[in-house]
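Here's the structure, in structure tokens; my notes come after.
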2 protein chains.
Amino acid sequence: MNKSEKFDEELRELARYAKVISHPARLAIIKYLANTRTCISGDISDSLPLGRSTVSQHLKELRDAGLIHGEIDGLKINYCLCSGGIEKFMALFSGFFEPVKTNGFDCEISHP
Amino acid sequence: MNKSEKFDEELRELARYAKVISHPARLAIIKYLANTRTCISGDISDSLPLGRSTVSQHLKELRDAGLIHGEIDGLKINYCLCSGGIEKFMALFSGFFEPVKTNGFDCEISHP
DNA sequence: TTTTAATGTCGCAAAAATACGACATTATTT
DNA sequence: AAATAATGTCGTATTTTTGCGACATTAAAA
């Protein structure tokens, strides 16, 4: 029932990135890493209202998207943001929306 | 089981916008409207690999997010992009990621 | 006024995402 | 070598998303 293969790769790629940041927990992780520069996984789940294994899964999604990276340090893992992945995402986002923005209209009210 | 109320409103709002654009069909609709400036719902579903009622639901999500607007014109509905909504989203996005970008590291390879 | 046309909405089925406990893995410590 | 500690992974229940056909609504046409 998944018809998303029918769409352009450009759209699918941007949609994939968007999905990654479409959960507040993953945004919170990104924000946390931006503030602490680098940290371990345990630290992160302590600061979130979620269980450790759940946070671990969110970390995996961020990793798979190339937005973060985990460096093994003994028993712990130091996570950090990947500027490359983030810049790619931002470029993709801007590349799509900058042209779009100029074609909008004024329409605050009314929802048919 | 939904714990997303536990997160900051800033994160939840950005996550909501991200979710709206996290499907290629909705991105395709945005792109289509940006190209044609204004058009009717039928035109849109003709150019997508989805049924009409499905497209109608995607349109509703874009409307609810304030990204598009539909003006009733007799039996048809002219859809257009709302620059306001799009700019708000872009501002939110940049406001979150611009600061984040400067705190990233170089990490292309390796996924623990 | 009946018919036709263009959309929206509802209800359901299938799929995907989310959350978490239990277990697996790996590296220190003792 | 055994115990401990930090993390990842699996199984699974719950929720959310997706897609579509059937029906509802509204406006133009005949």
Side-chain angles (χ1 to χ4, degrees), chain A residues 1-7 11-12 15-29 32-33 38-65 68-80 110-112, chain B residues 1-7 11-12 15-29 32-33 38-65 68-80 110-112:
Chain A
M1 195 182 276
N2 183 0
K3 296 197 171 178
S4 91
E5 320 80 34
K6 303 282 197 64
F7 294 94
L11 300 184
R12 294 197 291 155
R16 268 197 304 274
Y17 273 114
K19 181 166 287 182
V20 172
I21 66 155
S22 75
H23 194 290
R26 294 192 285 270
L27 288 172
I29 291 172
Y32 186 84
L33 290 179
T38 183
C39 63
I40 60 172
S41 161
D43 293 340
I44 301 174
S45 69
D46 287 346
S47 79
L48 294 179
L50 294 171
R52 199 188 48 72
S53 70
T54 302
V55 172
S56 191
Q57 285 182 156
H58 284 306
L59 287 170
K60 177 173 165 51
E61 292 189 63
L62 290 166
R63 258 188 285 128
D64 291 347
I68 71 173
H69 167 77
E71 187 90 14
I72 298 177
D73 173 26
L75 202 47
K76 304 192 171 183
I77 296 188
N78 287 303
Y79 277 101
C80 62
S110 110
H111 280 203
Chain B
M1 195 183 275
N2 184 0
K3 295 195 172 180
S4 93
E5 319 83 34
K6 303 281 198 66
F7 294 94
L11 301 184
R12 295 198 289 158
R16 267 197 304 274
Y17 273 114
K19 181 166 288 180
V20 172
I21 66 156
S22 73
H23 194 292
R26 293 192 285 268
L27 288 172
I29 290 171
Y32 187 85
L33 290 180
T38 183
C39 65
I40 60 172
S41 159
D43 293 340
I44 302 175
S45 69
D46 287 348
S47 78
L48 294 180
L50 294 172
R52 199 190 47 73
S53 69
T54 303
V55 171
S56 190
Q57 285 182 153
H58 284 306
L59 288 169
K60 176 173 167 49
E61 292 189 63
L62 290 165
R63 256 188 286 126
D64 290 347
I68 71 173
H69 167 77
E71 188 90 14
I72 298 177
D73 172 27
L75 203 47
K76 304 192 172 183
I77 296 189
N78 287 304
Y79 276 100
C80 61
S110 112
H111 279 204

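In this text the structure is predicted, and so the values were computed from the model without any measurement. So you know, we letter chains A, B, ... as the sequences are listed, proteins then strands, and number each from 1.
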What one should report as the nearest heavy-atom pair of Tyr79(A) and Ile68(A) is CD2-CD1, 3.7 Å
In whole angstrom, give the distance that lies between atom CD of Glu71(A) and atom P of dT7(D). 14 Å
Using a cut-off of 4.0 Å between protein heavy atoms and nucleotide atoms, how would you tag nucleotides 21-28 of chain D 5' to 3' with B, S and -? BB---BBS
Spacing of Leu59(B) atom CG relative to dT18(D) atom C1', expressed in whole Å: 15 Å
For Asp46(A), enumerate each residue passing the side-chain hydrogen bond (donor to acceptor under 3.5 Å, both in side chains) test, keeping only those at least two apart in sequence or located in another chain. none
Taking the side chain of His23(A) as heavy atoms from C-beta outward, which of dT18(C), dG8(C), dT9(D) is closest to it? dT18(C)
Can you work out whether Lys19(A) or Lys76(A) has the more 5'-proximal nearest nucleotide on DNA chain D? Lys76(A)
Whole angstrom is fine here: how far is it from NZ in Lys60(A) over to C1' in dA17(C)? 14 Å
Can you check side-chain contact (heavy atoms from CB on, under 4.5 Å) on Asp64(A) and Val20(A), steps first, answer last? CA-CA 9 Å; Asp64(A) 291 347; Val20(A) 172; over 6 Å; no
Respond yes when some side-chain nitrogen or oxygen of Ser56(A) is under 4.0 Å from OP1 or OP2 of dG8(D), and no when none is. yes
Do any of residues 40-47 of chain A sit with a heavy atom less than 4.0 Å from DNA chain D, and if so which? Ile40(A), Ser41(A), Gly42(A)
Look at Tyr79(B) and dG8(C) and indicate whether a side-chain polar atom (N or O) is within less than 4.0 Å of OP1 or OP2. yes
Residue set satisfying side-chain hydrogen bond (donor to acceptor under 3.5 Å, both in side chains) with Arg52(B), at least two apart, ordered chain then number -> none
What is the distance, to the nearest angstrom, from the CD atom on Glu61(A) to the C1' atom on dA19(C)? 12 Å
Let me know the distance between CG of Leu48(B) and C1' of dC20(D), rounded to the nearest Å. 15 Å
Closest non-hydrogen atom pair, Leu27(B) against Ala15(A): CD1-N, 3.6 Å
Between P of dG8(D) and CD1 of Ile68(A), the distance in whole Å: 9 Å
Rounding to an integer number of Å, can you tell me how far Ile21(B) CD1 sits from dT18(D) C1'? 18 Å
Those residues that, when tested against Gln57(A), pass side-chain hydrogen bond (donor to acceptor under 3.5 Å, both in side chains) (two or more places apart): none
Using the test side chain to side chain contact (heavy atoms under 4.5 Å, CB included), find all partners of Ser22(A) that sit at least two apart in sequence or belong to another chain. Lys19(A), Arg26(A), Ala18(B), Lys19(B)
Write down the distance between CZ (Arg12(B)) and P (dT16(D)), rounded to a whole number of angstrom. 14 Å
Mind checking what makes side chain to side chain contact (heavy atoms under 4.5 Å, CB included) contact with Ala25(B), not counting sequence neighbours? Phe7(A), His23(B), Leu50(B), His58(B)
Going by the rule side-chain hydrogen bond (donor to acceptor under 3.5 Å, both in side chains), which residues pair with Asn78(A) if we only count those two or more places apart in sequence or in a different chain? Asp73(A)
